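Let me begin by presenting the structure, written as structure tokens, before commenting on it.
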Amino acid sequence: MMDCIRRALWGGLVLALAVPAWGVKTATWTQQNPKDFSEGTFEQTVVSSHGELMLGRAVTVLHKTKEQAEVVNALARGPDGAVYAATGGTGHIYRVAGDEVTTFAKLPDKNVFSLLFAKDGTLLAGTGGERGRIFRISADGTFAPFFEPAETAYVWAMVRGSQGEIYAATGTEGKLFRIDPTGKESDVLYDAKQKSLLCLAADRHGLLYAGTDTDGLVLRIDP
């Protein structure tokens with residue numbers, strides 16, 4: 001009896017092994033471009049410009065604005081070590097200290113495009129839209145107009161000179177203004193053919209570099 005059972009089980013095993021396995025065939029492919037990974041979900045990883053998948057730096061979302069129309073246009077680090085974020089759409093300026101994010105000021109102009117700390121430590125904010133102007137903001141968040149140039153729609157960027165003077169890149173007339181530390185006196189340092197001077201930097205020799213729209217130029221300007 002036992003021999004019959006063993007023969008029956010062995011026959012069933014042989015029969016089971018003889019049945020074809022209708023499974024998925026093995027496939028091999030190569031991913032070597034960043035776009036090859038575009039449909040994937042990254043967790044603590046990044047793709048380099050060479051298509052290499054590697055560990056990424058930790059990223060933490062500190063603040064998510066409640067206003068969908070709000071975008072972050074500029075950042076500046078203050079003397080107190082906090083980072084200030086200028087927004088467009090609502091005119092808010094946020095203060096980021098460690099993991100804490102608070103509203104520092106709300107300007108009457110909806111779009112804040114540039115931030116700069118003056119020599120005395122107060123924050124300057126360049127705005128734009130219907131008109132471009134610069135506000136001076138005290139440590140408690142109160143503000144007042146600092147510079148209101150005529151026929152200027154945007155204050156795109158600002159840098160500070162060695163004597164505390166302020167240089168402001170504007171549009172849509174493409175003018176570069178030089179403003180004294182008090183904001184009471186100013187002159188047009190350079191009038192470009194392009195509509196807007198979008199970004200601004202100064203080197204250690206005091207030369208200014210301005211990036212334009214239209215022709216995409218980088219201008220070097222000696223004050």
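Computed from a predicted structure; not experimentally measured.
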Do [X] and [Y] belong to the same hydrophobic cluster, where Ile, Leu, Val, Met, Phe, Trp and Tyr are linked whenever their side-chain heavy atoms lie under 4.5 Å apart, directly or via other members?
| X | Y | result |
| --- | --- | --- |
| Tyr154 | Leu107 | no |
| Tyr167 | Leu217 | yes |
| Ile93 | Leu62 | no |
| Ile137 | Phe117 | yes |

Could you state the interatomic distance from [atom1] ([X]) to [atom2] ([Y]), rounded to the nearest 0.5 Å?
| X | Y | atom1 | atom2 | value |
| --- | --- | --- | --- | --- |
| Thr170 | Phe177 | OG1 | CZ | 5.0 Å |
| Thr182 | Ile166 | OG1 | CD1 | 10.5 Å |
| Trp156 | Leu200 | CH2 | CG | 14.0 Å |
| His92 | Thr103 | NE2 | OG1 | 5.0 Å |
| Lys106 | Asp109 | NZ | CG | 10.0 Å |
| Asp203 | Tyr209 | CG | OH | 4.5 Å |

Contact check, side chains of [X] and [Y], non-hydrogen atoms, under 4.5 Å:
| X | Y | answer |
| --- | --- | --- |
| Glu165 | Leu189 | no |
| Ile179 | Phe146 | yes |
| Arg133 | Val155 | no |
| Leu219 | Leu197 | yes |
| Leu123 | Leu115 | yes |
| Tyr190 | Leu208 | no |
| Val71 | Asn73 | yes |

Minimum heavy-atom distance between [X] and [Y], given as atom pair plus value:
| X | Y | result |
| --- | --- | --- |
| Thr214 | Gln194 | CB-CG, 4.1 Å |
| Val46 | Gly56 | CG1-CA, 4.0 Å |
| Phe143 | Pro108 | CE1-CD, 3.4 Å |
| Ala74 | Ser114 | CB-CA, 4.0 Å |
| Ala157 | Cys199 | CB-CA, 3.8 Å |
| Gly132 | Pro149 | O-CD, 3.6 Å |

Test log, rule side-chain contact (heavy atoms from CB on, under 4.5 Å), inputs Met158 and Phe147:
CA-CA 12 Å; Met158 297 180 288; Phe147 180 60; over 6 Å; no
Please state whether the rings of Tyr94 and His63 are parallel, tilted or perpendicular, taking 30° and 60° as the class boundaries.
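Because their plane-to-plane angle lies in the 30° to 60° range, the rings of Tyr94 and His63 count as tilted.
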Criterion side-chain contact (heavy atoms from CB on, under 4.5 Å) on Leu116 and Ile134, from CA distance to verdict:
CA-CA 10 Å; Leu116 177 71; Ile134 301 174; over 6 Å; no
So Arg160 and Leu124, side-chain contact (heavy atoms from CB on, under 4.5 Å) or not? Walk me through it.
CA-CA 11 Å; Arg160 195 177 75 204; Leu124 300 178; over 6 Å; no
Taking NZ, NE, NH1 and NH2 as the nitrogens, is one of them in Lys193 or Asp215 under 4.0 Å from a carboxylate oxygen of the other?
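The answer is no: the pair does not qualify as a salt bridge.
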How about CD on Glu148, more than 12 heavy atoms from neighbouring residues, nucleotides or ligands closer than 6.0 Å, or not?
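Yes, CD of Glu148 has more than 12 neighbouring heavy atoms, counting only those of other groups under 6.0 Å.
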Show your working on side-chain contact (heavy atoms from CB on, under 4.5 Å) between Asp120 and Arg136 and close with a plain yes or no.
CA-CA 11 Å; Asp120 63 1; Arg136 182 193 292 272; 3.2 Å; yes
Between the side chain of Asp213 and the main-chain N/O of Ser196, is any donor-acceptor distance below 3.5 Å?
yes
